[in-house]
Visitor: 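A single structure is presented below for examination.
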Amino acid sequence: SQSRYTGLSSLISLNLAGNQLTTLPAGIFAELSSLTDLNLARNQLTILPADIFAGLNALTTLYLNGNQLTTIESRAFAELGNLIQLYLNGNQLTTIESRAFAELGNLIQLYLNDNQLTTLPVDVFNGLGALTSLDLGNNQLTTIASGTFAGLGALRSLHLPGNRLTTIESRAFAGLG
């Protein structure tokens, strides 16, 4: 289907926050190749369809906070190699699939706080070598497994308050800066 934003290829910021969006058609942002800032916060999104961010190669900031997302699928953000900030806080996330963030090599800040995460796949943060700030506060995490944060050598700030941690394995923080 044709993009609803045809002719807006020079648009750099799009704010759709605080609406009642429940779904977005695949390819809706395909013509917005100059977009650096996309705000979809405080809507009612429950899923991120495959290729929803196709064409957004210049995007550096993505706000998805305050929606009703429950799962982040592998490669959900595959097209977003220049992303620096990703806000997923305040959703209903229970699952983040392995390597969901694998292609976000330039990501510096990741906000996953205020969700319902109970576990994290050991390789969930693979590929995030530039990440300096990770907020996992106010989830329902019970265990931090060995190697969970491996490869996050640039990390300077890790927030884990307000979880249900009972076990932190011996090498849970191995590889941190």
Visitor: Linking I/L/V/M/F/W/Y whenever their side-chain heavy atoms sit closer than 4.5 Å, directly or via other members, would Phe101 and Leu152 fall into one cluster?
Guide: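 Yes, because Phe101 and Leu152 connect within a single hydrophobic cluster, where side-chain heavy atoms sit under 4.5 Å apart.
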
Visitor: With Leu141 as reference, evaluate Asn115, Leu165, Thr148, Thr118 under the side chain to side chain contact (heavy atoms under 4.5 Å, CB included) test and give the passing residue.
Guide: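 So the option named by the test is Leu165.
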
Visitor: So, Asn43 side chain and Leu16 main chain: donor-acceptor pair closer than 3.5 Å or not?
Guide: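 Confirmed, Asn43 side chain pairs with Leu16 backbone.
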
Visitor: Check whether any side-chain heavy atom of Ile144 lies under 4.5 Å from a side-chain heavy atom of Leu160, and answer yes or no.
Guide: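 Answer yes - side chains close enough.
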
Visitor: Can you name the closest pair of heavy atoms from Ile96 and Ala100 and give their distance?
Guide: CG2-CB, 3.7 Å

Visitor: What closest approach, in Å, do Leu14 and Leu35 show between heavy atoms, and which atom pair accounts for it?
Guide: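 Scanning both residues completely, I find the closest heavy atoms to be N-CD1, 3.7 Å.
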
Visitor: Indicate the atoms forming the closest heavy-atom contact of Ala78 with Glu103, along with that distance.
Guide: O-OE1, 3.2 Å

Visitor: Verify the neighbour count for atom CG of Asn126: are there more than 12 heavy atoms of other residues, nucleotides or ligands below 6.0 Å?
Guide: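 It does: Asn126 CG has more than 12 such atoms within range.
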
Visitor: Tell me whether Tyr111 is reachable from Leu158 by hopping between hydrophobic residues (I, L, V, M, F, W, Y) whose side-chain heavy atoms are closer than 4.5 Å.
Guide: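 No, it is not one cluster - the side chains of Leu158 and Tyr111 are not joined through contacts under 4.5 Å.
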
Visitor: Quick one: pull up CG in Leu59 and OG in Ser34 and give me the separation to the nearest 0.5 Å.
Guide: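 Reported to 0.5 Å precision, the distance equals 11.5 Å.
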
Visitor: Measure the CG-CD distance between Leu117 and Gln92 for me, rounded to the nearest 0.5 Å.
Guide: 12.0 Å

Visitor: Check whether any side-chain heavy atom of Leu120 lies under 4.5 Å from a side-chain heavy atom of Phe125, and answer yes or no.
Guide: yes

Visitor: Would Ser33 and Glu31 count as a side-chain contact (heavy atoms from CB on, under 4.5 Å) here? Give the steps.
Guide: CA-CA 6 Å; Ser33 58; Glu31 309 254 344; over 6 Å; no

Visitor: Say whether Thr61 and Gln85, considering side chains only, have a donor N or O and an acceptor N or O under 3.5 Å apart.
Guide: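 Yes, a side-chain donor-acceptor pair sits under 3.5 Å.
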
Visitor: Rounded to the nearest 0.5 Å, what's the gap from CG on Leu62 to CG on Leu40? Could you check?
Guide: 6.5 Å

Visitor: About how many Å separate CG of Asn91 and CG of Asn89, when rounded to the nearest 0.5 Å?
Guide: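 Answer for the CG-CG pair, Asn89 versus Asn91, is 7.5 Å.
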
Visitor: Can you confirm whether the side chains of Asn82 and Thr60 place a donor and an acceptor under 3.5 Å from each other?
Guide: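 Thr60 and Asn82 do not have a side-chain donor-acceptor pair below 3.5 Å.
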
Visitor: Using a cut-off of 6.0 Å, state whether more than 12 heavy atoms not belonging to Leu21 lie near its atom CG.
Guide: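 Atom CG in Leu21 is crowded, with more than 12 foreign heavy atoms closer than 6.0 Å.
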
Visitor: Given the rule in the side-chain contact (heavy atoms from CB on, under 4.5 Å) test, do Leu93 and Leu112 qualify, once you have shown the distances and angles that lead to the verdict?
Guide: CA-CA 8 Å; Leu93 292 174; Leu112 291 166; 4.1 Å; yes

Visitor: How many angstroms lie between CG in Leu104 and CG in Leu110, if you round to the nearest 0.5 Å?
Guide: 8.5 Å

Visitor: Counting only N and O atoms by type, is there a donor-acceptor contact under 3.5 Å from the side chain of Asp114 to the main-chain atoms of Gly137?
Guide: no

Visitor: Specify the closest pair of heavy atoms between Pro121 and Glu97, including all atoms of both residues, with the distance to one decimal.
Guide: CG-C, 4.3 Å

Visitor: Which atom pair, heavy atoms only, marks the closest approach of Gly153 to Arg156?
Guide: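 Looking at all heavy atoms of both residues, the closest pair is O-NH1, 3.4 Å.
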
Visitor: In terms of hydrophobic clusters joined by side-chain contacts under 4.5 Å, are Leu48 and Leu38 together?
Guide: yes

Visitor: Membership question, hydrophobic clusters at under 4.5 Å side-chain separation (ILVMFWY): are Ile28 and Leu56 in the same one?
Guide: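 Yes, one cluster joins them.
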
Visitor: Do Gln20 and Gln44 have side-chain N/O donor and acceptor atoms under 3.5 Å apart?
Guide: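 No donor-acceptor contact under 3.5 Å links the two side chains.
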
Visitor: Write down the atom of Ser170, the atom of Ser146, and the distance for their closest heavy-atom approach.
Guide: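 Taking every non-hydrogen atom into account, N-OG, 4.0 Å.
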
Visitor: Are Phe29 and Tyr87 connected in a single hydrophobic cluster, I mean Ile/Leu/Val/Met/Phe/Trp/Tyr linked by side-chain heavy atoms less than 4.5 Å apart?
Guide: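 No, because Tyr87 and Phe29 fall into different hydrophobic clusters, even though each may have its own neighbours under 4.5 Å.
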
Visitor: How long is the straight-line distance from CG of Leu128 back to CG of Leu134, given to the nearest 0.5 Å?
Guide: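 Result: 8.5 Å between the selected atoms.
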
